[in-house]
Amino acid sequence: MSVESPHKIDTSKLDEIMASYDYKKSNLIAILQKVQEVFRYLPEEAMIYIGTKMEGLSPATVFGVATFYAQFSLEPKGKYEIKVCDGTACHVRGSMPVLNAIRAKLNIPAGQLTSENGLFSLETVSCLGACGLAPVVVINDKVYPQMTSDAITIVLDTIMKGEN
């Protein structure tokens, strides 16, 4: 299978990751999680490489797993992954104005995942399991409860100041 990737990746890093999981196909999900942690997404070239290097796998199998689980991204994600809950409790308590404030502040139009500077990724999720704290936003692993448009703007300003 000869597929060209738009990005050149360090295959030695992939070999290191696969070796740490003994090249076992039963560890494929853990391997993909680690690859995504390193590259902030699953590059096509990485999935092809893994599928050709691990016994009992094919690139198609690796792509199948990567596209089946919502935790995996085939597009680059930002350093800061923002998740806005749009479940019933959050929606009723104002998650859409919060989402719109984030989009405006970071200039991420609807349908686009990551900010132009590559620093922030934004997605909505159906439930973050914190209905009593609605509306909820999670940035990386930090939970921001009872968000408002003004409050999330302050949070983003603080994060951006730390990046300068």
Side-chain angles (χ1 to χ4, degrees), residues 1-86 95 98-99 101-130 136-144 147 152 155-164:
M1 176 178 210
S2 176
V3 178
E4 291 297 317
S5 173
H7 302 88
K8 186 71 179 151
I9 60 167
D10 180 2
T11 56
S12 66
K13 186 65 180 169
L14 296 174
D15 287 325
E16 181 184 313
I17 292 169
M18 289 184 289
S20 72
Y21 290 97
D22 299 322
Y23 286 89
K24 290 184 180 176
K25 70 179 183 179
S26 61
N27 291 328
L28 179 59
I29 291 174
I31 290 167
L32 293 177
Q33 288 170 328
K34 188 64 176 177
V35 169
Q36 182 164 283
E37 180 183 312
V38 169
F39 295 98
R40 296 203 310 245
Y41 77 115
L42 294 177
E44 182 178 329
E45 183 178 301
M47 291 186 289
I48 292 168
Y49 187 80
I50 291 167
T52 58
K53 289 293 184 179
M54 292 181 58
E55 191 172 327
L57 289 180
S58 68
T61 301
V62 177
F63 276 91
V65 171
T67 56
F68 179 80
Y69 292 101
Q71 68 178 300
F72 296 123
S73 176
L74 304 183
E75 295 180 40
K77 287 192 173 186
K79 178 179 178 181
Y80 299 97
E81 293 183 47
I82 303 170
K83 295 178 181 172
V84 178
C85 181
D86 68 356
S95 64
V98 172
L99 177 65
I102 295 168
R103 287 193 188 289
K105 179 71 179 173
L106 301 177
N107 194 26
I108 301 176
Q112 186 173 318
L113 176 68
T114 304
S115 62
E116 287 201 19
N117 64 5
L119 200 55
F120 295 93
S121 292
L122 176 62
E123 65 180 298
T124 57
V125 294
S126 296
C127 184
L128 288 169
V136 177
V137 174
V138 173
I139 301 176
N140 293 348
D141 291 325
K142 186 170 181 183
V143 177
Y144 294 88
M147 280 289 96
I152 196 63
V155 168
L156 295 173
D157 283 339
T158 301
I159 291 170
M160 290 188 291
K161 282 181 188 172
E163 287 296 322
N164 292 330

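In what follows, every heavy atom counts, from backbone to side chain, and hydrogens, waters and symmetry copies are set aside.
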Nearest-0.5 Å distance that lies between atom [atom1] in [X] and atom [atom2] in [Y]:
X    : Y    : atom1 : atom2 : value
I9   : E45  : CD1   : CD    : 4.5 Å
D15  : I50  : CG    : CD1   : 9.5 Å
K25  : L28  : NZ    : CG    : 10.0 Å
S26  : I31  : OG    : CD1   : 8.5 Å
L106 : I159 : CG    : CD1   : 8.5 Å
R40  : T114 : CZ    : OG1   : 9.0 Å

**Request:** List the steps and the verdict of side-chain contact (heavy atoms from CB on, under 4.5 Å) for L156 and I82.
**Result:** CA-CA 10 Å; L156 295 173; I82 303 170; 3.9 Å; yes
**Message:** How about CD on Q112, more than 12 heavy atoms from neighbouring residues, nucleotides or ligands closer than 6.0 Å, or not?
**Reply:** yes
Tell me every residue that passes side chain to side chain donor-acceptor pair (under 3.5 Å) with [X], counting only those two or more places apart in sequence or in another chain.
X   : value
S95 : none
Q71 : Q33
E16 : K13
T11 : none

**Message:** Taking salt bridge (charged side-chain N to carboxylate O under 4.0 Å, His left out) as the cut-off, I'd like each qualifying pair that reaches into residues 118-128, sequence neighbours left out, listed once.
**Reply:** K77-E123
**Item:** salt bridge (charged side-chain N to carboxylate O under 4.0 Å, His left out) contacts touching residues 53-67 (sequence neighbours left out)
**Value:** none
**Prompt:** Has the side chain of Q36 got a donor or acceptor atom that lies under 3.5 Å from a matching backbone atom of S73?
**Reply:** yes
**Message:** For the backbone of Y21 and the side chain of N27, can you confirm whether one donor and one acceptor N or O come within less than 3.5 Å of each other?
**Reply:** yes
Just jot down the side chain to side chain contact (heavy atoms under 4.5 Å, CB included) partners of [X], sequence neighbours excluded, or say none.
X    : value
S115 : I108, N117, L119, F120
T61  : L57, S58
N140 : Y80, E81
T67  : L74

**Message:** For I29 and F72: C-alpha separation, side-chain torsions, deciding distance, then whether side-chain contact (heavy atoms from CB on, under 4.5 Å) applies.
**Reply:** CA-CA 10 Å; I29 291 174; F72 296 123; 4.2 Å; yes
**Asked** What are the two closest non-hydrogen atoms of Y49 and L14, and how far apart are they?
**Response** CD2-CD1, 3.7 Å
**Fill in**
Applying ring-ring contact (aromatic ring centres under 6.0 Å, His included) to Y144 and not counting sequence neighbours gives none
**Results of salt bridge (charged side-chain N to carboxylate O under 4.0 Å, His left out) for D10 - residues two or more places apart only** = none
